[in-house]
Amino acid sequence: TSMAWFGGGADLTPYYLFDADIRDFHQIYKDLCEVHTDGIPGYSYTNMKAACDEYFYLPARNEHRGTGGIFFDDMTATRASQAFVEGVADA
């Protein structure tokens, strides 16, 4: 028996902060999640954004690195999840 899975994500750590860039970045991934993750239980934009925020939290500085993004792991490899991962890569 074998099992395949996907893991990955995208985050934004800009050198220069522009509100429009941050807003557009998050909207692109929110839209992508709404289109592709409906049939993938547990993988909503909200869940993946929270995972990214937790992953990039710097406790020594009491702050988050960058402006966030999405992070996912252990996503069972299906045609639907592959389409999502390709969308993340293309975004």
Side-chain angles (χ1 to χ4, degrees):
T1 305
S2 65
M3 182 174 190
W5 54 270
F6 293 111
D11 67 291
L12 182 63
T13 306
Y15 192 74
Y16 295 104
L17 284 173
F18 295 102
D19 290 339
D21 292 344
I22 297 165
R23 194 171 38 254
D24 291 347
F25 175 85
H26 286 284
Q27 191 63 53
I28 286 167
Y29 285 100
K30 186 173 189 295
D31 293 346
L32 180 73
C33 290
E34 287 176 0
V35 170
H36 288 286
T37 62
D38 187 37
I40 308 171
Y43 291 95
S44 67
Y45 172 77
T46 302
N47 290 348
M48 290 186 282
K49 182 179 181 329
C52 185
D53 289 345
E54 181 180 332
Y55 185 81
F56 288 114
Y57 180 72
L58 306 171
R61 296 176 70 178
N62 197 29
E63 66 184 21
H64 290 92
R65 188 195 88 187
T67 65
I70 62 171
F71 181 79
F72 56 93
D73 200 8
D74 298 323
M75 181 183 284
T76 302
T78 63
R79 292 197 189 284
S81 61
Q82 182 174 349
F84 169 70
V85 172
E86 288 174 358
V88 170
D90 291 341

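Both backbone and side-chain heavy atoms feed into the values below; hydrogens, waters and symmetry mates do not. Quantities reported herein were computed from a predicted structural model and do not represent experimental measurements.
In terms of heavy atoms, Gly87 sits closest to Leu32 at C-CD2, 3.6 Å. In terms of heavy-atom proximity, Ala10 sits nearest to Cys52 at O-SG, 4.3 Å.
Side-chain contact between Tyr45 and Glu34: absent, with no pair of heavy atoms (C-beta onward) separated by less than 4.5 Å. Using a 4.5 Å heavy-atom cutoff, the side chains of Ile22 and Phe25 are not in contact. Contact annotation: the side chain of Phe84 never approaches that of Tyr43 to less than 4.5 Å [non-hydrogen atoms, C-beta and beyond]. Two residues are said to be in side-chain contact when any heavy atoms from C-beta on lie closer than 4.5 Å; His36 and Val88 fail this criterion.
Remark: Glu63 CD is packed, more than 12 non-hydrogen atoms of other residues, nucleotides or ligands lying under 6.0 Å away. Environment of CG in Asp19: sparse, with no more than 12 heavy atoms of neighbouring residues, nucleotides or ligands closer than 6.0 Å. Open room surrounds CG on Asp38; 12 or fewer heavy atoms of other groups in view lie less than 6.0 Å from it.
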Next on the checklist: Between Phe6 and Asp74, is the side-chain contact (heavy atoms from CB on, under 4.5 Å) condition met? List the steps.
Outcome noted: CA-CA 6 Å; Phe6 293 111; Asp74 298 323; over 6 Å; no
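Listed by chain and number, the residues in a side chain to side chain contact (heavy atoms under 4.5 Å, CB included) with Asp73 are Trp5 (sequence neighbours excluded). By the side-chain hydrogen bond (donor to acceptor under 3.5 Å, both in side chains) test, Arg79 is found to be paired with no residue, residues two or more places apart in sequence or in another chain being considered.
Atom CD1 of Ile28 and atom CG of Asp90 lie 12.0 Å apart (nearest 0.5 Å).
Relative orientation of the Tyr55 and Phe71 rings is parallel, given thresholds of 30° and 60° on the angle between their planes.
When each of Asp53, Thr46, Asn47 is tested with Lys49 by the rule side chain to side chain contact (heavy atoms under 4.5 Å, CB included), just one qualifies, namely Asp53. Applying side chain to side chain contact (heavy atoms under 4.5 Å, CB included) to His26 and the options Ile70, Asp21, Thr67 leaves one that passes, Thr67.
The hydrophobic cluster containing Phe18 does not contain Leu12, counting ILVMFWY residues as joined when their side-chain heavy atoms lie under 4.5 angstrom apart, directly or transitively.
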